[in-house]
Student: 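Below is a structure I'd like to ask you about.
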Amino acid sequence: MSEISKAYEPQSVEEKWYAYWLEQKCFVADAHSRKPAYSIVIPPPNVTGVLTLGHVLNNTIQDILARWARMKGHEVLWLPGTDHAGIATQAVVEKALRKEGLMKHREDLGREKFLEKVWAWKEKHGGIIIEQLKKLGASCDWTRERFTMDPNYSRCVQSVFVELYKKGLIYRGKRMVNWDPSARTALSDEEVEMVEEQGSLWHLKYPLAGEDGFVVVATTRPETMLGDEAVAVNPNDPRHAHLHGKKVMLPLVNKQIPIITDELVDPKFGTGCVKVTPAHDPADYEMSQLHHLPLTVVIGPGGAMTEAAGADFAGLDRMEARKLVVEKLEALGLVLKVEKYVHRVGYSERTHVPIEPYLSEQWFLRYPSVDKAVSAVETGQIKFHPERWAKVYSHWMSGLKDWCISRQLWWGHRVPVWMFLWKGPVASGSADSQQVLIDLPYLTKDQNLQIAGQVFRPGGKGGEIFVGIAVQPGHPEIEQLLEKHGGKQDPDVLDTWFSSWLWPFATMGWPDKTDTLQKFYPTTDLVTGPDIIFFWVARMIMAGFEFMGAEPFRNVYFTGIIRDKQGRKMSKSLGNSPDPLDLITKFGADALRFGVMRSAPLGQDILYDEQQVELGRNFCNKLWNACRFRQLHPGDVQAEIDPKLLTIDDRWILLKLDAAIRELDAAFAGYKFSDATAALYRFFWSEYCDWYVEAAKAILQGTDAARRANTLAVIDFVLSHTLRLFHPFLPFITEELWHGMGYAKDMPDGQGGKTIMFAPWPKPLDEDIKRHYGLLHETLDTIAGRQKLVIEIRNIRALYKIPANKKLNIVYNAPADINPEEKRVIELLAGAEPMVHRTAHEPAKGEPVVHPDFGGKFFIPLAGLVDAQAEKARLAKELQKVEAEIQKAEAKLANPNFADKAPPEVLQEHRQRLADWQAKRAQLRASLDELA
RNA sequence: GGGCGAUUAGCGCAGCGGUAGCGCAGCAGCUUUACACGCUGUUGGUCGGGGGUUCGAAUCCCUCAUCGCCCACCA
């Protein structure tokens, strides 16, 4: 047994054991194992990200699940990796490069140079978060670490694109998309955050063309009027019937635009007249398609006004243009009024600038396997925890719109599409333009083109474009060949989520049927935040069914969101997120894990408070010292517990251990980790340390060697179980103690001998063992009675202000079955001299007396301290409480309906309760009488 | 406009149909040889308001209020 320091010092311990686990390959999953599989894929953090408390929460839960599963005998794969996080990473690198003065816009560097810089950045900053996860104790299989832009992974992304294209689910189209003018790229609907804002509603007057009068339109975006192509009214609105077929003169632009009618216009809103800006509003765009209106683009991709906006405005930022437009219209007397108006404005989730509806050519995906994905969650094939998220999921799935998957970025998977200019005869369809995009020359629809062993298939209807596997690095000949035919690869990259949605199987080597894939897919659990239920979870489910024919995971655990004390979301910009690494340094990884888990009930948001971590630290120290206490009693160890020598306290703690194991299993079954930590905390601190260890001292300080040894055997039994129960939560300290206490020695190699990681998970004690040890339910009541006695004595001590270090003299009479050892326990815990047994004790007037549940009386003679008044007051107060309880119980039992309708066991319970209180009252009254 | 969640002791939370609990903080005492990152005792609550169901409600139902999320193209 090694010597143990007085306080737990996490730093060296954590480093040592993590290195050991890696060296022993404890985290490596064996795809050929005969054990049942358990698998989790990590939600891949951004490759250049740093660890946040959210990650701590998320990954601690995964680690707990993984470690628990290992101990339960599963072959565990926890597959880690990182995400290239297209737009986020590119934005970070762009900012850094601009700061270094290396470029103003990425075009200055050019695609190739820029990508070099991003890769360099990734090499330098990527993987920081991986090292941080290791500090947290994450037991990921690092030999299988993946990155979404690994060559193999990229191939998966490309072949998925091709496959979906061939199925007709991916198409290219000119559409109104969410445009981020700062990043200059399209975004998906999910990447737009609607923010309620106090804005203005301008009522503008548009003069009628060729006659007097005007129409009034209302708008929140006056700058778009420069691109107006119509004014629309509802055809059934009688107020505007006279306007049908007329035209208005668009101010500032001075062109005539028609007044059209459309059902979409709500007559009840504003004036019932709407300005129509086809190129800058999704609804207006739709309307314009129907009415064949021209598209005038007045806002460019960078958010500045275009030439088409007119000389006065061209080049102005959209917000400045708004001001100027209003100014000019006011000067013309065309602003009727301005109202305060609360409305919702779409912001880019990434760059936080207002989104611009923008017309551009993009790639879209019609979601595959939607029905299967919906029913999987509805039928429980995939279970959500907490369940309520299933509703949110279904709701989103029922309103799916096509997914805009192309991004005008450089960092990411480039769209695997090559476009070719017309060079020869067109196989089918018509091509009257010189700029028609067609298939590879010479290819008919049924032919494949094989270049360097890769198959290229023609795609598209009538040969518009060619979709194929993009050229991999190391195959310049393909690229050359394609270029020779005049091909050009689509410059766009794919949405990051278009790669992450393949994560559960692409990381396992798909499309090859690898051993890993066969053993570990579908994965068991997914642990993630509800904020990415649409971005990621839903899409993974669809991809799983589409490409694997099976659900990607069986359970999804949605964590809460970590907030600060004010309830604000943790964020970098607010600076309210503490650095978990600092917390680990200060308190230890185990403490951080424990603190976070303790405050993380299933599905609730978590208000972060450093006190929780401190509590974790304190708990680790308690565990440490409880083991240290055992270490201070060397020798005398016998492996086997002798049932004949068990004290009532021994039996009690074994029963409590059994209960704790059951509680823990129940908590795990329901993914209730805060329940689990609470149960462990209570068991170990309140039951084991506060009562059992103190009681055990009665034996350990005694002279009977055999009994001492037996007590140590019980302690070892409880501690070795406890350490295992704690291991998923507190991996480091439990490993250290497992070895330090010598428990590892007693175990076979693969089952706890080398590491606690594979020690068997404690099972509840079965009936045979309970009988063998004489563990009876009554034991719990007996000890509860003793505990009450001890507390009452302590109360009296406090009442009379007797210092805790002064021993009490106690005289007792005739408790039924109290042997010398048990008497010692009471003496120790109550802080008493050896109690004197006296059948006929004549108490002094006012001498405190306690009536324990198990019968007899305990007198506390307080020579010189007796204060009849104080004792009277104490008893009176007690009596008051008891009377109140009796009244409640009597009232209930007096209700005839209660006796009639309540179940008999409840009735019985109430009667018993009343009897107990009445007995207590009798005792108190007797004591008061003695005082009188 | 729809949907979801929260509201329990000063603070953070548990309990989800039968005596209101835990941790911090507070108060009183203690160098009791595992631990002051500790020990002992203790003060705090008509469980957001109102109504209902029930013998019985913090717990189930309705309603209101406050806070927080998510979804929704009304200019």
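Numbers restart at 1 for each chain; the letters A, B, ... are given by sequence-line order, proteins then strands.
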Student: Indicate, with a heavy-atom threshold strictly under 4.0 Å, whether A/C273 touches base, sugar-phosphate, or nothing.
Tutor: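 Touches nothing.
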Student: Which residue lies toward the 5' end of RNA chain B, A/W685 or A/V693, if each is placed at its nearest nucleotide?
Tutor: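 Its nucleotide being nearer the 5' end, the pick is A/V693.
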Student: Set out, in order, the CA-CA distance, both residues' side-chain angles and the distance that settles salt bridge (Lys or Arg N to Asp or Glu O under 4.0 Å) for A/E833 and A/K807, then state yes or no.
Tutor: CA-CA 6 Å; A/E833 297 288 354; A/K807 298 234 155 129; 5.7 Å; no
Student: Of all the choices, B/rA34, B/rG18, B/rU40, which nucleotide is nearest to the side chain of A/R794 once you look at every atom?
Tutor: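 The answer is B/rU40, which lies nearest to the side chain.
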Student: Closest approach to the side chain of A/D690, judged atom by atom: which nucleotide of B/rC39, B/rC4, B/rU42 is it?
Tutor: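 Minimum distance to the A/D690 side chain belongs to B/rC39.
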Student: For a quick test of reading the model: is some side-chain N or O of A/K697 closer than 4.0 Å to OP1 or OP2 of B/rA34?
Tutor: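 Answer is yes, contact under 4.0 Å.
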Student: Check every atom of B/rG23, B/rC71, B/rU42 against the side chain of A/Y681 and return the nucleotide holding the closest atom.
Tutor: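 Among the listed nucleotides, the one closest to the side chain of A/Y681 is B/rG23.
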Student: Among B/rA34, B/rG23, B/rG56, which nucleotide has an atom closest to any side-chain atom of A/L615?
Tutor: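 The closest nucleotide is B/rG23.
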Student: Using the C1' atom as the reference point in each nucleotide, state the distance between B/rA9 and B/rG51 in Å, no decimals.
Tutor: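 Rounded to whole Å, the distance is 27 Å.
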Student: Counting side-chain heavy atoms from CB outward, which of B/rG23, B/rA75, B/rG18 is closest to A/D266?
Tutor: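 Within the option list, the nearest is B/rA75.
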Student: Looking only at side-chain N and O atoms, does A/D266 offer a donor or acceptor that is under 3.5 Å from a partner on A/N234?
Tutor: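 The criterion, which ignores hydrogens and geometry beyond distance, is not satisfied for A/D266 and A/N234.
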Student: Could you please name the option among B/rG18, B/rG41, B/rC73 that lies closest to any side-chain atom of A/E286?
Tutor: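 The answer is B/rC73.
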Student: I'd like the C1' distance from B/rC61 over to B/rC16, given in whole Å.
Tutor: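 Roughly 14 Å separates the two C1' atoms.
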Student: In whole angstroms, how far is the C1' atom of B/rA34 from the CG atom of A/L828?
Tutor: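 That distance rounds to 15 Å.
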Student: If the glycosidic angle sits within 90 degrees of zero it is syn, else anti. Tell me which applies to B/rG44.
Tutor: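 You should classify B/rG44 as syn.
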Student: Tell me which nucleotide among B/rA75, B/rG12, B/rC35 gets nearest to the side chain of A/V265.
Tutor: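 Shortest atom-to-atom distance from the side chain points to B/rA75.
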Student: Are OP1 or OP2 of B/rC73 and a side-chain N or O of A/K401 less than 4.0 angstrom apart?
Tutor: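 The answer is yes; a side-chain N or O of A/K401 sits under 4.0 Å from OP1 or OP2.
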Student: Which of these nucleotides, B/rA75, B/rG18, B/rC24, is closest to any side-chain atom of A/Q611?
Tutor: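 Of the candidates, B/rC24 comes closest.
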Student: With respect to the side chain of A/R617, which nucleotide from B/rC4, B/rU42, B/rC37 is positioned closest?
Tutor: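 Among the listed nucleotides, the one closest to the side chain of A/R617 is B/rC37.
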Student: Quantified in whole Å, what is the C1' atom distance between nucleotide B/rA75 and nucleotide B/rG68?
Tutor: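 To the nearest whole Å, 29 Å.
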Student: Answer with yes or no whether A/K622 presents, from its side chain, a donor or acceptor under 3.5 Å of a partner atom in the base of B/rC35.
Tutor: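 Yes, a donor-acceptor pair under 3.5 Å.
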Student: Please report, rounded to the nearest Å, how far the C1' atom of B/rC4 is from the CD atom of A/E387.
Tutor: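 Answer to the nearest Å: 14 Å.
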Student: Give one of base, sugar-phosphate or nothing for A/K275, where a contact means two heavy atoms less than 4.0 Å apart.
Tutor: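 If one applies the 4.0 Å heavy-atom cut-off, A/K275 turns out to touch nothing in the nucleic acid.
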Student: Within the structure, does a side-chain N or O atom of A/K888 lie under 4.0 Å from either OP1 or OP2 of B/rA20?
Tutor: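 So the side chain of A/K888 is within the cut-off, an N or O lying under 4.0 Å from OP1 or OP2 of B/rA20.
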Student: Specify the separation, in whole Å, of atom CG of A/L808 and atom C1' of B/rU32.
Tutor: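 Between C1' of B/rU32 and CG of A/L808: 13 Å.
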Student: Does the side chain of A/N618 get closer than 4.0 angstrom to OP1 or OP2 of B/rG38 through an N or O atom?
Tutor: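 Result: yes.
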Student: Evaluate the criterion ring pair (Phe, Tyr, Trp, His ring centres under 6.0 Å) for residue pair A/W396 and A/F534; output intermediate values, then yes/no.
Tutor: CA-CA 7 Å; A/W396 186 75; A/F534 310 136; 4.9 Å; yes
Student: Heavy atoms from C-beta onward define the side chain here; which of B/rC4, B/rG23, B/rA75 lies closest to that of A/Y341?
Tutor: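 Comparing B/rC4, B/rG23, B/rA75 against the side chain of A/Y341, the answer is B/rA75.
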Student: Check step by step if ring pair (Phe, Tyr, Trp, His ring centres under 6.0 Å) holds for A/F619 and A/F726.
Tutor: CA-CA 11 Å; A/F619 187 79; A/F726 274 119; 5.1 Å; yes
Student: Within the structure shown, what part of the strands sits under 4.0 Å from A/P357 by heavy-atom distance: base, sugar-phosphate, or nothing?
Tutor: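 Here A/P357 touches no strand at all.
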Student: Using atom types as modelled, flag every donor-acceptor pair under 3.5 Å from a side chain in residues 283-290 of chain A to any protein atom, sequence neighbours excluded.
Tutor:
residue: A/D284; atom: OD2; partner: A/T277; partner atom: N; Å: 2.7
residue: A/S288; atom: OG; partner: A/Y285; partner atom: O; Å: 2.6

Student: In whole Å, measure the gap between the C1' atoms of B/rC37 and B/rC71 for me.
Tutor: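 Per the computed distance, 47 Å lies between those C1' atoms.
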Student: Return the set of residues passing side-chain hydrogen bond (donor to acceptor under 3.5 Å, both in side chains) with A/D649 (not counting sequence neighbours), or none when no residue passes.
Tutor: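 Testing A/D649 for side-chain hydrogen bond (donor to acceptor under 3.5 Å, both in side chains), a comparison that skips the adjacent residues, returns A/W691.
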Student: With a cut-off of less than 4.0 Å, is there a side-chain N or O of A/N621 near OP1 or OP2 of B/rG38?
Tutor: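 No, outside the criterion.
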Student: I want to confirm an ordering. Mapping A/A7 and A/W917 to their closest nucleotides on RNA chain B, which one lands closer to the 5' end?
Tutor: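 Nearest-nucleotide comparison on RNA chain B picks A/W917.
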Student: Starting from C1' on B/rC35, measure out to CD on A/E694 and report it in whole angstrom.
Tutor: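 My rounded result for the distance is 11 Å.
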Student: Taking everything shown except A/E387 itself, do over 12 heavy atoms lie less than 6.0 Å from its CD?
Tutor: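 Check fails, neighbour count at 12 or below.
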Student: Would the A/Y557 and A/F673 ring centres measure less than 6.0 Å apart?
Tutor: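 Centroid separation for A/Y557 and A/F673: below 6.0 Å.
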Student: Taking the six-membered ring of A/F729 as reference, does the NZ or CZ atom of A/R593 fall below 6.0 Å from its centre and within a 45° cone about the axis?
Tutor: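 Cation-pi check for A/R593 and A/F729: fails.
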Student: What contact category does A/R344 fall into here, base, sugar-phosphate, or nothing, at under 4.0 angstrom with non-hydrogen atoms?
Tutor: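 Base, at least one base atom sits under 4.0 Å.
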Student: Which value, in whole Å, describes the distance between the C1' atoms of nucleotides B/rA6 and B/rC13?
Tutor: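 It works out to 12 Å between them.
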Student: Looking at A/R913, I'd like to know whether one of its side-chain N or O atoms comes within less than 4.0 Å of OP1 or OP2 on B/rU19.
Tutor: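 A/R913 to B/rU19 OP1/OP2: side-chain N or O found under 4.0 Å.
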Student: Treating a pair as Watson-Crick (purine N1 to pyrimidine N3 plus N6-O4 or O6-N4) or G-U wobble (N1-O2 and O6-N3) with both distances under 3.5 Å, list the stems of 3 or more consecutive pairs that involve RNA chain B.
Tutor: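 B:1-7 with B:65-71, B:10-13 with B:21-24, B:26-30 with B:38-42, B:48-52 with B:60-64 - these are the stems of 3 or more pairs that involve RNA chain B.
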Student: I need the NZ-P distance between A/K391 and B/rG3, as an integer number of Å.
Tutor: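 One finds 9 Å between P of B/rG3 and NZ of A/K391, rounded.
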Student: Tell me: CH2 of A/W396 to C1' of B/rA72, nearest whole Å?
Tutor: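 So the two atoms are 15 Å apart, to the nearest Å.
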Student: Under 4.0 angstrom, heavy atoms only, what part of the nucleic acid is A/I791 near: base, sugar-phosphate, or nothing?
Tutor: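 It contacts sugar-phosphate atoms only.
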Student: Provide, to the nearest angstrom, the distance between the CD1 atom belonging to A/I532 and the C1' atom belonging to B/rC69.
Tutor: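 In whole Å, B/rC69 C1' lies 16 Å from A/I532 CD1.
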Student: With a 4.0 Å cut-off on N to O distance, would you call A/R682 and A/E663 a salt bridge?
Tutor: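 Salt bridge present between A/R682 and A/E663.
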Student: How long is the line joining CE of A/M597 and C1' of B/rC13, in whole Å?
Tutor: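 The answer, rounded to whole Å, is 14 Å.
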Student: Do A/D916 and A/Q912 pair up side chain to side chain, a donor and an acceptor below 3.5 Å, judged on atom types alone?
Tutor: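 Result is yes, a qualifying pair exists.
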Student: Any base atoms under 4.0 Å from A/E193, or only sugar-phosphate, or nothing? Heavy atoms, all strands.
Tutor: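 The answer is nothing, as A/E193 stays clear of every strand by at least 4.0 Å.
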